[in-house]
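Down below is the structure, laid out as structure tokens.
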Amino acid sequence: MEEIILLKLGELVLKGLNRRRFEDKLIANAQRRLRALGKFKVYTKQSTMYVEPQSPDCDMDRAYEAMSRVFGIVGLSRARACGKTKEEMLEAACSYLGDELSKAKTFKVESKRADKTFPMTSIQLSQWVGGELDERYPNLKVDVHSPELTVHLEVRDAAAYVHADPKPGAGGLPVGVNGRAVSLLSGGIDSPVASWMIAKRGIALDMVHFFSYPYTSEEAKEKVLTLAKELTPWCGRLIVHVVPFTDIQEELRRSCPEDLFTIIMRRFMMRIAAQVAGRVQAGAIVTGECLGQVASQTMEAMGVTSAVTDLPILRPVVGMDKEEIVTIARKIGTFETSILPYEDCCTVFTPRHPRLRPTEEECRAAEAGLDMEAMVRAAVEGIERIKIDP
């Protein structure tokens, strides 16, 4: 019988009456990732999702890799389906896991009997298959505590399945089940990690990038688009809303106190992000702010920044240190791009002595002479929308 991919569902199995909605979203997300890799049948049964190739030209290697990045899945295995007899399971184990069985020194067999009509208990099946494997492979020794190789047998309704230890999945919840947010994507390390973390909680994303040409280069813009591309295996298709920000920054440099420049700039970012959120029906704004990392990320500064919008501001990395963020960036594949030496708009006109504890009152006073509505409207009207596919 054909090789398939078995996907173990995560916390969505704990859901109640709305569990079907979570599973349907997970199936839809998986099908989109598999579309370019061949014809697959995807369905869930007994807290497991099955990915079955429907034609010989299906790319199983790439499908397996793609499924490892689908949020909502905690473990995945490439498995061989076989008939539901102990003899067929033994032969499937020998043919499918023969190389691993020949190389390993210790092993054990673990069985799960979802089909309760199967005549043997899980323990009896494990003992029988384990005994036969022990005889066939003289190099093997049984170790039930810390084996080098575990042979997994699963007896389910349609067939039995044989596989080795599952690979950890992405975890979290299916993207889209918790609504949509806009995420501020700079060229740094933190914002891609923040975007990944919030997508893991089931939120679909639109990305917002503030571009200040000629103070920031076209290479800096391409760097951000590359970061978005690197997030798509986890988040699915993304739209990057590239906001022309030069005019706003130049006006703030002319009109605002230097020590408040950064915080007022970020208030404009929030106003514009809220406008984008309204356009795409998003319910929150996501940032990569980390408490105390820079002057604009003190509690007071974040409070003043948040005050310009009623939307929730989600800050997934706010309590993490830099090493923790870098570890995740390496894991998800964005770190090497993030450290490329292209500046983003946050480094333009950086004040020599930024205010660490600004107040709402002094920011409002500094903004009093600005035509904020016109400035925001002009930036929103000039947005370039770029679709990024996985």
Side-chain angles (χ1 to χ4, degrees), residues 2-13 15 19-45 47-79 81 161 163 166-181 183 185 192-193 195-207 225-240 280 286 328-334 337 386-390:
E2 294 293 336
E3 183 183 40
I4 71 169
I5 302 173
L6 298 178
L7 307 173
K8 301 300 181 183
L9 307 187
E11 61 186 275
L12 64 86
V13 301
K15 302 300 177 183
R19 174 172 168 176
R20 186 71 249 174
R21 180 176 71 88
F22 283 75
E23 290 186 354
D24 288 345
K25 177 60 73 173
L26 180 60
I27 291 172
N29 291 348
Q31 288 173 329
R32 278 193 292 271
R33 310 290 175 85
L34 294 167
R35 196 169 292 152
L37 307 178
K39 185 178 180 181
F40 292 87
K41 180 181 178 182
V42 183
Y43 59 96
T44 59
K45 198 169 185 179
S47 299
T48 298
M49 191 160 81
Y50 299 77
V51 176
E52 295 184 359
Q54 302 295 292
S55 61
D57 61 344
C58 289
D59 191 332
M60 290 294 286
D61 292 337
R62 290 177 63 195
Y64 183 71
E65 181 62 27
M67 293 301 95
S68 72
R69 297 181 177 187
V70 174
F71 290 126
I73 295 165
V74 295
L76 64 162
S77 307
R78 293 176 71 157
Y161 303 94
H163 61 87
K167 173 183 177 179
L173 293 170
V175 170
V177 294
N178 278 330
R180 179 171 295 277
S183 185
L185 184 64
V193 171
S195 300
W196 179 86
M197 290 178 69
I198 212 67
K200 186 176 181 178
R201 298 312 305 158
I203 295 181
L205 295 174
D206 275 67
M207 318 306 283
L225 297 180
T226 300
L227 285 171
K229 180 75 173 179
E230 290 165 348
L231 288 170
T232 57
W234 309 92
C235 304
R237 170 186 279 190
L238 294 171
I239 295 178
V240 182
V280 301
V286 182
I328 296 175
R330 292 184 187 278
K331 171 186 173 181
I332 66 178
T334 59
T337 302
I386 302 173
K387 293 181 180 179
I388 309 291
D389 291 309

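- Considering OH of Tyr161 and OG1 of Thr48, their distance stands at 9.5 Å, rounded to 0.5 Å.
- In Lys167, the NZ atom is crowded: over 12 heavy atoms of neighbouring residues, nucleotides or ligands sit closer than 6.0 Å.
- Side-chain atoms of Arg33 come within 3.5 Å of backbone atoms of Pro233 as a donor-acceptor pair (strictly under, hydrogens ignored).
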Quiz prompt | Residues Asp61, Arg78; criterion salt bridge (Lys or Arg N to Asp or Glu O under 4.0 Å); working and verdict | solution = CA-CA 9 Å; Asp61 292 337; Arg78 293 176 71 157; 2.6 Å; yes

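- With respect to Glu65 and Arg62, no salt bridge is recorded, no charged nitrogen being found less than 4.0 Å from a carboxylate O.
- Counting all heavy atoms, side chain and backbone alike, Ser68 lies closest to Leu76 at N-CD1, 3.7 Å.
- For the pair Lys45 and Tyr43, the NZ or CZ position fails the cation-pi test of under 6.0 Å to the six-membered ring centre and within 45 degrees of the ring normal.
- Here the side chains of Arg237 and Ile388 are not in contact, with every heavy-atom distance at 4.5 Å or above.
- The two residues Val74 and Leu9 come nearest to each other via the heavy atoms CG2-O, 3.6 Å.
- A donor-acceptor pair is defined here as one N or O able to donate and one able to accept, closer than 3.5 Å; no such pair exists between the side chain of Asn29 and the backbone of Val70.
- We find that Arg201 and Glu11 are joined by a salt bridge, their nearest charged nitrogen and carboxylate oxygen being less than 4.0 Å apart.
- When atom types are taken as modelled, the side chain of Arg32 and the backbone of Gly236 share no donor-acceptor pair closer than 3.5 angstrom.
- No donor-acceptor pair under 3.5 Å is formed between the side chain of Glu52 and the backbone N or O of Tyr50.
- Phe40 approaches Cys58 most closely through the heavy-atom pair CZ-CB, 3.5 Å.
- Minimum heavy-atom separation, Thr334 to Glu230: CA-OE1, 3.5 Å.
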